[in-house]
Amino acid sequence: EPEVTQTPSHQVTQMGQEVILRCVPISNHLYFYWYRQILGQKVEFLVSFYNNEISEKSEIFDDQFSVERPDGSNFTLKIRSTKLEDSAMYFCANYGTPYGYTFGSGTRLTVV
Amino acid sequence: AQKITQTQPGMFVQEKEAVTLDCTYDTSDPSYGLFWYKQPSSGEMIFLIYQGSYDQQNATEGRYSLNFQKARKSANLVISASQLGDSAMYFCAMRSLFSGGYNKLIFGAGTRLAVHP
């Protein structure tokens, strides 16, 4: 079964730095999502993306966040100026036929 | 607004016994889907089982079954014959199908299951 691949698996960054989290979705699965999970807490929706534009975003997804499909295959989440509270596991998810929702293995972001 | 409630922060079960993890949901949409995911200590989200709101029968996948009670808005996960490898965090999630497209999943707070030998 195809996988959603996320890189890096773990990233440590200094507060105020920009980070880009990358996701390679399943081919022909056209709905993309980013979720965040602060350690030990619930999984929170950040943003959904379809047809090369954001279809929905949460209150968490403020101006510090952006998403792109820079080359038509990869799907990225950028945090422009990281804060300590951005430390979390970030999941990319993909929806399509026939595999339904598929989550990547996550990127653990640590802001120091 | 849609909401998922998991009232059991932690559960313990003896190996080989069955365990039920509770999930209640709130939605005004007539069409929706309910999911259960397993998150082991390694962190990945593993899909377990899905129940559509119009499905006539409760979903089953191997040792996992979903006790769907639509009138009570509950979708409890039943794990039969628990194994040590079932120790993990379990999340209940819902998506609305009413407004078209494939909307986001909304997650509950999760239940941490510990299986004892």
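For CG of A:Leu39, the number of neighbouring non-hydrogen atoms (other residues, nucleotides, ligands) closer than 6.0 Å is 12 at most. The environment of CD in A:Gln14 is sparse: at most 12 heavy-atom neighbours from other residues, nucleotides or ligands sit within 6.0 Å. Crowding of B:Lys73 atom NZ: a count of heavy atoms from other residues, nucleotides or ligands under 6.0 Å exceeding 12. Within 6.0 Å of the CD atom in A:Glu3, the count of heavy atoms belonging to other residues, nucleotides or ligands does not exceed 12. Around atom CG of A:Asp63, no more than 12 heavy atoms belonging to other residues, nucleotides or ligands sit under 6.0 Å away.
Hydrophobic clustering places A:Ile60 together with A:Phe49 (ILVMFWY residues linked when any side-chain heavy atoms are closer than 4.5 Å, directly or through intermediates).
A heavy-atom distance below 4.5 Å is not found between the side chains of A:Phe103 and B:Gln39. With contacts defined as side-chain heavy-atom distances shorter than 4.5 Å, the pair A:Gln37/B:Phe107 does not qualify. Side chains of A:Tyr101 and B:Met45 form no contact here, defined as non-hydrogen atoms less than 4.5 Å apart.
Summarising the geometry, atom OG belonging to A:Ser55 is positioned 9.5 Å from atom NZ belonging to B:Lys104; distances are rounded to the nearest 0.5 Å.
Using a 4.5 Å cut-off between heavy atoms, A:Tyr35 touches chain B through its side chain atoms alone. With a threshold of 4.5 angstrom between heavy atoms, A:Glu56 approaches chain B through side-chain atoms but not through N, CA, C or O. The contact between B:Leu105 and chain A is made by backbone and side chain atoms together, counting heavy-atom distances below 4.5 Å.
Residue A:Tyr95 comes nearest to B:Arg95 through the heavy atom pair CE1-NH1, 2.9 Å, listed as atom of the first residue, atom of the second, then distance.
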